[in-house]
Amino acid sequence: MPNSHLSLTQYMFLSPAKVHGTFTVCLSEATAVFGLEIPISQKPPPEGWDSKHVLIHSPLPLKFRSNLLAPGAKMKASGLGCTCGITLVLLSLLAVLHATTAQKNDISIYSFTVDSKVSSRFAHTVVTSRVVNRAETVQEATFQVELPKRAFITNFSMIIEGVTYPGNIKEKAAAQEQYSAAVARGESAGLVKATGRKTEQFQVSVNVAPAAKVTFELVYEELLKRQLGVYELLLKVQPQQLVKHLQMDIHIFEPQGISFLKTESTFMTSELANALTISQNKTKAHIQFKPQKTAGQLDKVLDGNFIVRYDVNRTLSGGSIQIENGYFVHYFAPEGLPTIPKNVIFVIDKSGSMSGRKIQQTREALIKILDDLKPNDQFNLISFSGDVTHWKPLLVPASPENVDQAKRYAANIEAHGGTNINDAMLTAVRLLQSANQKELLSDGSVSLIILLTDGDPTVGETSPARIQKNVQKAIDGQYSLFCLGFGFDVSYVFLEKLALDNGGLARRIYEDSDSALQLQDFYQEVANPLLTAVTFEYPDNAVDKVSQDNFRLLFKGSEIVVVGKLRDQSPDVLSAKVRGQLHMQNITFQTESSVAEQEKEFQSPKYIFHSFMERLWAYLTIQQLLEQMVSASGAEKQALETRALNLSLSYSFVTPLTSMVVTKPEGEQRSEVAEKPVETRNKHKNFYTSHHSFSRFPVGDTMHRKTGGIYADSVLTERRGYRGQAGPSRRIPSDPWRDGLRGPPNAPLYPLYHTPGEPDMMLAPSIPGEVLQERAKVTSSPAPIQAPPVILMLPGQSVNRLCVDIKHSQGPMKLLSDPDQGIEVTGQYETEKAQFSWIEVTLKNLQLQVRASPEHVVVTQNRRNSAYKWKETLFSMMPGLNMTMDKTGLLLLSSADKVTVGLLPWDGPGEGLRLLLRDTDRFSSHVNGTLGQFYQDVLWGPPTEADDSKRTLRVQGRDYSATRLVKLDYQEGSPGTEISCWSVEL
């Protein structure tokens with residue numbers, strides 16, 4: 001490290017136990033450190049500073065300058081002749097600067113595994129990390145896992161040198177003394193904290209002796225909830241360093257049969273594709289991710305999500321009853337029911353705190369939601385700040401005319417003033433009551449109120465308790481209320497009770513670029529009511545300890561779950577009736593299940609963990625008791641809490657009523673406490689909320705080479721296109737042979753391919769290299785070469801490119817459509833900005849849409865939206881489609897025997913969204929559209945006499961002028977490559 005420098009100010013702390021011989025530092029009242037005089041003060045160390053450490057305090061910066069010595073050599077004393085009072089021997093400058101990093105790197109994770117067994121929707125996940133301390137000193141090892149918010153931790157242990165240190169689950173009050181003592185000592189006592197929209201983080205640290213090994217193991221369980229027709233299992237993979245052995249196994253067993261299954265990952269890349277294997281039969285699936293070192297798949301740190309989404313087979317019936325070890329679960333989500341008409345009032349907060357992005361996203365979401373109303377629905381809009389305004393005096397049918405008027409009203413909602421939640425809610429109830437009294441509500445229809453607010457009441461009645469009481473009295477069980485809290489300035493506890501008191505639920509909307517999508521997704525969950533007043537009935541002599549068995553509403557895409565215990569003398573066949581109300585009639589479903597046959601179903605130890613259904617029963621019962629506690633009070637609330645607490649302790653669940661005390665070896669911090677986080681005001685207000693950005697380590701090198709002068713890297717500049725250097729620059733002309741225009745040096749100016757019957761029309765013209773080089777010459781001050789809006793590879797002639805420049809566009813364009821391929825691509829091109837504002841790809845066979853905007857990509861399937869930010873790794877596999885995105889932002893939609901469609905956020909010259917097409921020879925003869933037409937028979941005319949770089953091409957009877965130009969090819973990402981292509985204006 002010749003001539004290395006280190007500059008430190010104020011304090012430098014050095015531990016003698018961690019330093020060895022390379023540098024010598026001499027200290028005295030005025031000492032010389034390698035020739036630099038530094039006065040050393042006798043200032044006492046900070047409070048709590050360990051006497052085993054040496055403290056250096058200097059009012060001047062400390063600067064070290066040295067040359068490394070050969071082993072065994074001695075450094076000569078300084079010419080200033082200082083006397084060394086203390087000698088410090090430092091390992092290296094790096095150890096001083098990055099002590100923390102070095103310690104972490106000395107702890108090596110040699111094995112990291114995730115094993116998740118999903119048995120009949122109930123997931124049991126075990127995360128195991130094995131580490132070793134490769135340092136010669138004691139190091140701190142940290143175990144960190146993110147788990148779903150709906151999951152309950154059920155076990156944690158550390159095995160250190162053969163000794164197991166378990167986590168013990170206690171009543172929260174019993175653990176409070178340890179918790180408070182740790183906080184008083186300034187220690188981080190809470191091991192679990194909320195980290196994202198869907199996850200919580202568990203973290204624990206322990207000191208590890210040299211060469212010692214530690215095994216961490218965390219177990220958690222959750223019941224997968226069906227939303228918009230999908231169950232979702234979310235797993236986090238974040239060892240935070242390279243791991244020698246990394247493996248993830250997911251076993252799924254669904255007796256009803258798996259109807260579809262797909263996976264998605266934010267850390268997978270094409271290099272890791274063969275590390276993922278999926279095997280599936282009618283009722284079982286095994287997903288394994290196991291990268292191999294020999295394939296170079298363990299050379300990158302993995303950090304991100306792995307998501308499995310699936311659904312099961314179902315029919316128009318009373319559902320599925322499954323039985324295991326004396327307990328049963330009843331899943332109810334019948335197919336084929338018609339949607340019940342609804343009466344919905346949207347109550348929108350437009351107070352001053354909603355100004356800016358919030359109100360803009362609210363307007364955007366409301367306009368989309370209004371478009372989704374059905375003709376037999378009725379609706380109205382209420383906006384409020386300090387005052388309350390309703391759009392219409394009564395509810396109106398969702399006719400096209402009324403919806404258009406409502407959209408114009410929504411588009412003009414502006415934010416200002418205070419927050420009068422009480423009057424806004426009572427106004428909504430009065431509108432429904434008035435419509436009911438005037439018999440304007442259709443028989444059997446469902447009435448919903450949807451409240452969106454971002455803050456607490458500040459005008460009118462401001463007491464949350466009185467508002468809750470007023471609203472509950474006014475609704476009187478007749479309508480369902482759903483509350484959406486925008487951001488973290490609103491009291492979620494207030495909104496949750498307001499909703500649960502009135503048969504609805506509350507949801508937090510996170511402030512992010514996809515807030516509008518979150519609002520739309522929530523509406524989709526409640527947009528299609530199927531049944532009201534749903535009740536479950538079982539023979540009294542057959543079951544015991546049944547969970548909640550009556551429900552106000554069943555929505556399309558959701559599922560009702562009832563669990564219970566079989567009595568000792570229960571019948572051989574368990575029967576059930578499910579009653580409910582359709583739009584205009586009552587309906588009863590009946591189903592039955594053989595106890596012996598069901599018990600036999602759950603005998604595969606590979607897919608089943610012991611007594612899982614009993615634990616499922618306990619899990620769901622606790623969740624429902626906690627929810628009921630929100631609306632209860634007094635003795636009733638205490639009774640519910642006692643039941644939930646006893647179940648939590650009996651089945652070792654970390655819930656809001658219990659805590660896990662994590663014990664540690666003697667001599668360390670005595671214990672730590674893990675508690676279940678709860679939704680509160682302003683909690684984690686600033687955490688990063690995107691469900692697709694979790695990377696802490698760079699996956700690839702995204703740095704560009706920089707050039708210092710106009711000739712510094714002429715080859716790179718030429719090959720990679722315009723780099724935006726200031727001042728004049730020299731550009732070497734494109735090489736037409738390298739750019740793909742093949743042919744003999746003396747080739748004619750028009751092609752050798754001849755079309756029979758068309759003597760004057762030719763196919764795929766090519767131009768000799770010397771002509772192209774002449775064309776590519778530029779002046780000393782060239783304008784930057786632009787990337788065209790679209791580059792098309794001509795069918796059957798991959799070396800020829802067509803650059804399409806869109807000059808005239810009004811409204812959305814059908815860019816291409818191929819009914820045989822089931823592909824349609826549309827887009828909105830803004831001619832003033834010379835870029836697409838959005839591009840949408842529809843895969844009709846999969847009922848899937850991918851909509852790209854400059855901000856993000858939104859994938860919609862079965863009314864479910866998923867938003868992804870550009871340049872965040874994505875790897876999604878589903879039947880009939882692979883969807884990937886790399887760090888350049890290139891999103892590819894590919895499938896066997898299908899055309900590959902790509903989307904890219906181009907940020908080079910001529911920035912904007914770009915469309916890519918690959919495997920275009922797979923287009924059928926029925927392809928059409930603004931761009932699709934060029935994949936029909938394209939006929940070329942000979943070059944013009946005046947200018948051989950101009951030609952005419954005829955497409956479906958229409959002639960276009962084509963000019964040979966140099967453009968930037970955006971298809972491999974920024975900064976692009978210069979190419980010569982035929983440019984056509986549309």
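Owing to the predicted nature of the structure, the values given are computational and were not obtained by experimental measurement.
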Closest heavy-atom contact between [X] and [Y]?
X: Ile107; Y: Ala141; answer: CG2-CB, 3.9 Å
X: Thr142; Y: Gln203; answer: CG2-CG, 3.6 Å
X: Gly304; Y: Phe267; answer: C-CD2, 3.8 Å
X: Phe328; Y: Leu566; answer: CD2-CD2, 4.0 Å
X: Lys545; Y: Trp617; answer: O-NE1, 2.9 Å
X: Lys676; Y: Pro148; answer: NZ-O, 4.4 Å

Check whether any side-chain heavy atom of [X] sits under 4.5 Å from a side-chain heavy atom of [Y], and report yes or no.
X: Val208; Y: Ile160; result: no
X: Phe653; Y: Thr658; result: no
X: Phe112; Y: Leu302; result: no
X: Phe253; Y: Lys117; result: no
X: Val662; Y: Met158; result: yes
X: Pro255; Y: Thr283; result: no
X: Leu626; Y: Leu657; result: yes
X: Thr113; Y: His245; result: yes

message: For the residue pair Arg150 and Tyr619, would you count it as a cation-pi contact if the rule is NZ or CZ under 6.0 angstrom from the ring centre and within 45 degrees of the ring axis?
response: no
- request: Examine Arg121 relative to Tyr331 and say whether NZ or CZ is less than 6.0 Å from the centre of the six-membered ring and inside a 45° cone about the ring axis.
  value: yes
Examine distances only and state if a side-chain atom of [X] and a backbone atom of [Y] form a donor-acceptor pair shorter than 3.5 Å.
X: Thr266; Y: Asn305; value: yes
X: Glu641; Y: Leu625; value: no
X: Gln624; Y: Gln548; value: yes
X: Glu161; Y: Lys213; value: yes
X: Ser547; Y: Val563; value: yes
X: Glu324; Y: Met613; value: yes
X: Lys172; Y: Pro656; value: yes

query: Are the aromatic rings of Phe152 and Tyr651 close, with centres under 6.0 Å apart?
result: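 No; Tyr651 has its ring centre 6.0 Å or more from that of Phe152.
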Sub-6.0 Å ring centroid separation between Phe602 and Phe612: yes
For residues [X] and [Y], is any side-chain donor paired with an opposing acceptor at under 3.5 Å?
X: Tyr231; Y: Glu254; answer: no
X: Thr154; Y: Ser652; answer: no
X: Gln201; Y: Thr199; answer: no
X: Ser157; Y: Glu217; answer: no

- prompt: Can we say Arg309 and Glu232 salt-bridge, meaning some charged N sits less than 4.0 Å from an Asp/Glu carboxylate O?
  reply: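 Result for this pair is yes, salt bridge flagged.
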field: Lys/Arg N to Asp/Glu carboxylate O, Arg226 vs Glu559, below 4.0 Å
entry: no
Residues in ring pair (Phe, Tyr, Trp, His ring centres under 6.0 Å) contact with Phe216, at least two apart in sequence or another chain: Phe143
What distance separates [X] [atom1] from [Y] [atom2], expressed to the nearest 0.5 Å?
X: Asp249; Y: Thr125; atom1: CG; atom2: OG1; value: 12.0 Å
X: Ile278; Y: Thr263; atom1: CD1; atom2: OG1; value: 4.0 Å
X: Arg643; Y: Thr621; atom1: CZ; atom2: OG1; value: 7.0 Å
X: Leu261; Y: Ile252; atom1: CG; atom2: CD1; value: 5.0 Å
X: Glu872; Y: Lys887; atom1: CD; atom2: NZ; value: 7.0 Å
X: His124; Y: Tyr220; atom1: NE2; atom2: OH; value: 10.5 Å

task: Could you walk me through whether Leu272 and Phe875 pass the side-chain contact (heavy atoms from CB on, under 4.5 Å) test, one step at a time?
output: CA-CA 10 Å; Leu272 292 169; Phe875 193 95; over 6 Å; no
task: Using the side-chain contact (heavy atoms from CB on, under 4.5 Å) rule, take Val206 and Tyr165 through it: C-alpha gap first, then chi angles, then the decisive distance, then the call.
output: CA-CA 11 Å; Val206 66; Tyr165 297 88; over 6 Å; no
message: Test side-chain contact (heavy atoms from CB on, under 4.5 Å) on Phe156 and Val654; report intermediate values, then the result.
response: CA-CA 11 Å; Phe156 171 75; Val654 178; over 6 Å; no
- request: List the steps, then state whether side-chain contact (heavy atoms from CB on, under 4.5 Å) holds for Phe202 with Leu147.
  value: CA-CA 8 Å; Phe202 175 90; Leu147 61 149; 4.1 Å; yes
